[in-house]
Peer 1: 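Got a structure here, written out as structure tokens. Questions coming.
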Number of protein chains: 2
Amino acid sequence: MSMGSAPSYFSKQIGFPQRYGIGQVNSIYSKKFTKSLSTAEAKVFSAKKHSESERRRRMRINSQYAALRKILPNLIKMDKASVLAETVRQVRELKKVVTDIDAACRGSGSECVIPSGVNKLSLEKCEGKQEGLVKATFSCEDRAGLISDMTRELRSRKGKVVKAEMVTVGGRTKIVLWVKGLGAGSEGIVSLKKALNKVIVDRPSIIQKLHLPKRL
Amino acid sequence: MSMGSAPSYFSKQIGFPQRYGIGQVNSIYSKKFTKSLSTAEAKVFSAKKHSESERRRRMRINSQYAALRKILPNLIKMDKASVLAETVRQVRELKKVVTDIDAACRGSGSECVIPSGVNKLSLEKCEGKQEGLVKATFSCEDRAGLISDMTRELRSRKGKVVKAEMVTVGGRTKIVLWVKGLGAGSEGIVSLKKALNKVIVDRPSIIQKLHLPKRL
DNA sequence: CTTCACACGTGATAC
DNA sequence: TGTATCACGTGTGAA
């Protein structure tokens, strides 16, 4: 048997499960040798179940191979070993790109327009311009309700956003806020810092995972 | 036989090739049945070669699995199907991050500090300041000799670099040059543009491949 | 004819 | 216990 197939990648659709009547013996001797036949039957039944289970496992794995063949750009050889090798290569390359970008963003202070992989928050008073204007810069994981949480915290502290910038990349967000109305002293800034730290919750994305220890 | 092994991931080291004397029949009948025995021998030899070839193929594939298990962060289940599924998931995620970053960099003009995935070159005259000062901004693939090529082209056109900025990320580079000494007219800029276009050679990186059509 | 890549069924093994 | 995963050898079609 062993219906082997050629290297026909993409859409495997192999024959069909090949049902050939598991529990039916259809023999006139079945009455006589019920015991022995049932054990033999049990054996072949078990074997069949095993082989079908194994087939399902193969299909599960092969469907992932098909997915990889689709999403990897510029695949030359389509056999399993080559696909996996190219996958390893590209994952390494992509990780390097992302970590490099992240390092570049972490290196430069708050001047990078791309959100950093680490959650950071910095506040500074804007001197010489309007009185009590504060610039708040922070990167964090993007999430549903981030903006509303932020505005709620600001509103409860009488802060008014006079200008805002926002960049979201790959699930992470960088936000720059210019806030006024917090009062002249430094207690306004401390309060704002507390509020924004509450907003920045840590839900690790893939960018952060790349910096995490391996088997956490 | 079929020396199966349990799910012991990492460092497979399976027994050893199991040589049990391929070409030696050691029978007293070997003289009599030379022909038939040699065919049988050929058969078992062929089978052995086949099974060893298949073993090599398995090892090739499994070594790639081992590599994937190492480089993927936060792997929970280590079986093949789960590893592949997580690989697909993370490749998609990484690609999204990179394409998002690239889109963000292509969106903003020359103000992004991160190099874009597409090769671009833009020149502008700096008015009001020093006479004949030109700002040149371009992104391209980083390569050996990029800087020396650039300076050689500039030198041959009497250009003097008064200031330069450079960012390299994941194999791509963004460079901003402030050049003077090209002359007052627009022929200086045209000449510089030609020169820099010569320098920016196109060696597609993974960032660019992500924008390319699938089977180029 | 040989080589290569594959699917298959099976025994071993771990949980 | 049953139900997973795994490596193995084999048959088979394509290059």
Side-chain angles (χ1 to χ4, degrees), chain A residues 1-23 38-70 72 75-87, chain B residues 1-23 38-70 72 75-87:
Chain A
M1 198 170 305
S2 98
M3 135 80 197
S5 91
S8 66
Y9 313 102
F10 299 108
S11 77
K12 288 277 168 175
Q13 195 52 23
I14 311 144
F16 213 72
Q18 294 163 313
R19 305 218 132 276
Y20 26 93
I22 291 177
S38 71
T39 56
E41 230 179 295
K43 203 156 204 167
V44 73
F45 174 71
S46 172
K48 184 122 323 246
K49 210 169 57 169
H50 182 31
S51 74
E52 285 196 358
S53 166
E54 182 66 10
R55 187 195 334 274
R56 278 195 300 273
R57 172 177 168 271
R58 277 195 300 267
M59 286 175 63
R60 219 164 51 224
I61 293 177
N62 285 336
S63 71
Q64 303 298 338
Y65 274 105
L68 282 179
R69 290 190 180 99
K70 272 188 199 147
L72 290 189
L75 268 187
I76 311 132
K77 288 176 68 66
M78 282 300 185
D79 64 277
K80 293 183 175 180
S82 305
V83 168
L84 286 191
E86 252 299 293
T87 303
Chain B
M1 197 170 305
S2 102
M3 129 79 208
S5 87
S8 65
Y9 313 104
F10 299 112
S11 78
K12 286 279 167 173
Q13 194 52 24
I14 310 146
F16 211 72
Q18 294 164 314
R19 307 219 130 274
Y20 30 93
I22 292 178
S38 71
T39 55
E41 228 178 298
K43 203 155 203 167
V44 73
F45 173 71
S46 172
K48 181 116 333 236
K49 212 171 53 170
H50 183 30
S51 75
E52 284 196 0
S53 167
E54 181 64 13
R55 186 198 327 278
R56 279 194 300 272
R57 173 177 167 272
R58 277 195 300 267
M59 286 174 62
R60 219 177 334 151
I61 294 178
N62 285 335
S63 71
Q64 302 299 337
Y65 274 106
L68 282 179
R69 286 190 251 259
K70 271 186 199 151
L72 291 189
L75 267 187
I76 311 132
K77 289 174 68 66
M78 282 301 184
D79 64 277
K80 292 185 176 180
S82 305
V83 167
L84 286 190
E86 252 300 292
T87 302

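Just so it is clear: chains get the letters A, B, ... in the order the sequence lines come, proteins before strands, and each one is counted from 1. Quick note: numbers below take in every heavy atom, side chains included, and nothing from hydrogens, waters or symmetry partners.
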Peer 1: Reckon B:R56 has a side-chain N or O less than 4.0 Å from the OP1 or OP2 of C:dC4?
Peer 2: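 Answer no for this pair, as no side-chain N or O of B:R56 is under 4.0 Å from OP1 or OP2.
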Peer 1: Would you kindly compare B:K49 and B:I61 by the position of their nearest DNA chain C nucleotide and give the one closer to the 5′ end?
Peer 2: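 Here B:K49 is the residue nearer the 5' end.
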Peer 1: How many Å lie between CE on B:M59 and C1' on D:dG9, as a whole number?
Peer 2: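 Interatomic distance, CE of B:M59 to C1' of D:dG9: 16 Å.
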Peer 1: Keeping B:T87 on the side-chain end and B:V83 on the backbone end, is there a donor-acceptor pair under 3.5 Å?
Peer 2: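 Yes; at least one donor-acceptor contact below 3.5 Å.
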Peer 1: Taking only side-chain nitrogens and oxygens of A:R55, does any of them come within less than 4.0 Å of OP1 or OP2 of C:dA7?
Peer 2: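 No.
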Peer 1: Rounded to the Å, how far apart are A:L84 CG and C:dA5 P?
Peer 2: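 One finds 13 Å between P of C:dA5 and CG of A:L84, rounded.
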Peer 1: Quickly work out the A:K48 NZ to C:dC8 P distance and round it to whole Å.
Peer 2: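 A:K48 atom NZ is separated from C:dC8 atom P by 12 Å.
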Peer 1: Spell out yes or no: do the side chain of B:E54 and the base of C:dC6 have one donor N/O and one acceptor N/O closer than 3.5 Å?
Peer 2: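 Yes, the side chain and the base share a sub-3.5 Å donor-acceptor pair.
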Peer 1: Atom CD of A:Q64 to atom P of D:dT5: distance rounded to whole Å?
Peer 2: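 Atom CD in A:Q64 sits about 13 Å away from atom P in D:dT5.
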Peer 1: Flag the pair B:K43 / B:S46 as yes when at least one side-chain heavy-atom distance between them is below 4.5 Å, and no otherwise.
Peer 2: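 Sidechains of B:S46 and B:K43: no contact.
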Peer 1: I need the CE-P distance between B:M78 and D:dC6, as an integer number of Å.
Peer 2: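 So the two atoms are 12 Å apart, to the nearest Å.
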Peer 1: Which whole-number value in Å describes the distance from B:E52 CD to D:dA7 P?
Peer 2: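 Those two atoms, CD and P, are 17 Å apart.
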Peer 1: Closest approach to the side chain of B:K80, judged atom by atom: which nucleotide of D:dC6, D:dC8, C:dC6 is it?
Peer 2: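 Of the candidates, D:dC6 comes closest.
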Peer 1: From the set C:dA7, D:dA7, D:dT5, return the single nucleotide nearest to any side-chain atom of B:D79.
Peer 2: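 So the nucleotide nearest the side chain must be D:dT5.
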Peer 1: Rounded to whole angstroms, how far apart are CZ on A:F45 and C1' on C:dG9?
Peer 2: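 Value for this atom pair: 17 Å.
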Peer 1: Expressed in angstrom and rounded to an integer, what is the separation of A:R58 atom CZ from C:dC6 atom P?
Peer 2: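 Nearest whole value for this atom pair: 13 Å.
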Peer 1: Go through the structure and list residues passing side-chain hydrogen bond (donor to acceptor under 3.5 Å, both in side chains) with A:S63, not counting sequence neighbours.
Peer 2: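 Once residues adjacent in sequence are excluded, A:S63 has no partner under the side-chain hydrogen bond (donor to acceptor under 3.5 Å, both in side chains) criterion.
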Peer 1: side-chain hydrogen bond (donor to acceptor under 3.5 Å, both in side chains) with B:R57: which residues, sequence neighbours excluded?
Peer 2: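 B:R57 satisfies side-chain hydrogen bond (donor to acceptor under 3.5 Å, both in side chains) with B:E54 once adjacent residues are dropped.
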Peer 1: Represent DNA chain C in dot-bracket notation, 5' to 3'. Only Watson-Crick or G-U wobble pairs with both distances under 3.5 Å count; pseudoknot-style crossings use [ ] and interstrand partners use |.
Peer 2: .||||||||||||||
Peer 1: Side-chain N or O of A:R57 less than 4.0 angstrom from OP1 or OP2 on D:dA4?
Peer 2: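 For D:dA4, OP1/OP2 do not have a side-chain N/O of A:R57 under 4.0 Å.
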Peer 1: Below 4.5 Å, heavy atoms only, C-beta onward: do A:K80 and A:R69 meet side chain to side chain?
Peer 2: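 A:K80 reaches A:R69 side chain to side chain.
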Peer 1: Between C:dT10, C:dA5, D:dC8, which nucleotide has the shortest distance from any of its atoms to the side chain of A:H50?
Peer 2: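 For the A:H50 side chain, the nearest candidate turns out to be C:dT10.
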Peer 1: Just wondering, do B:L68 and B:L75 contact through their side chains at under 4.5 Å, heavy atoms?
Peer 2: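 Not touching, per the 4.5 Å side-chain cut-off.
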Peer 1: If every non-hydrogen atom of B:A85 is compared with every non-hydrogen atom of A:Q64, which pair is closest and at what distance?
Peer 2: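 That closest heavy-atom pairing would be CA-OE1, 3.5 Å.
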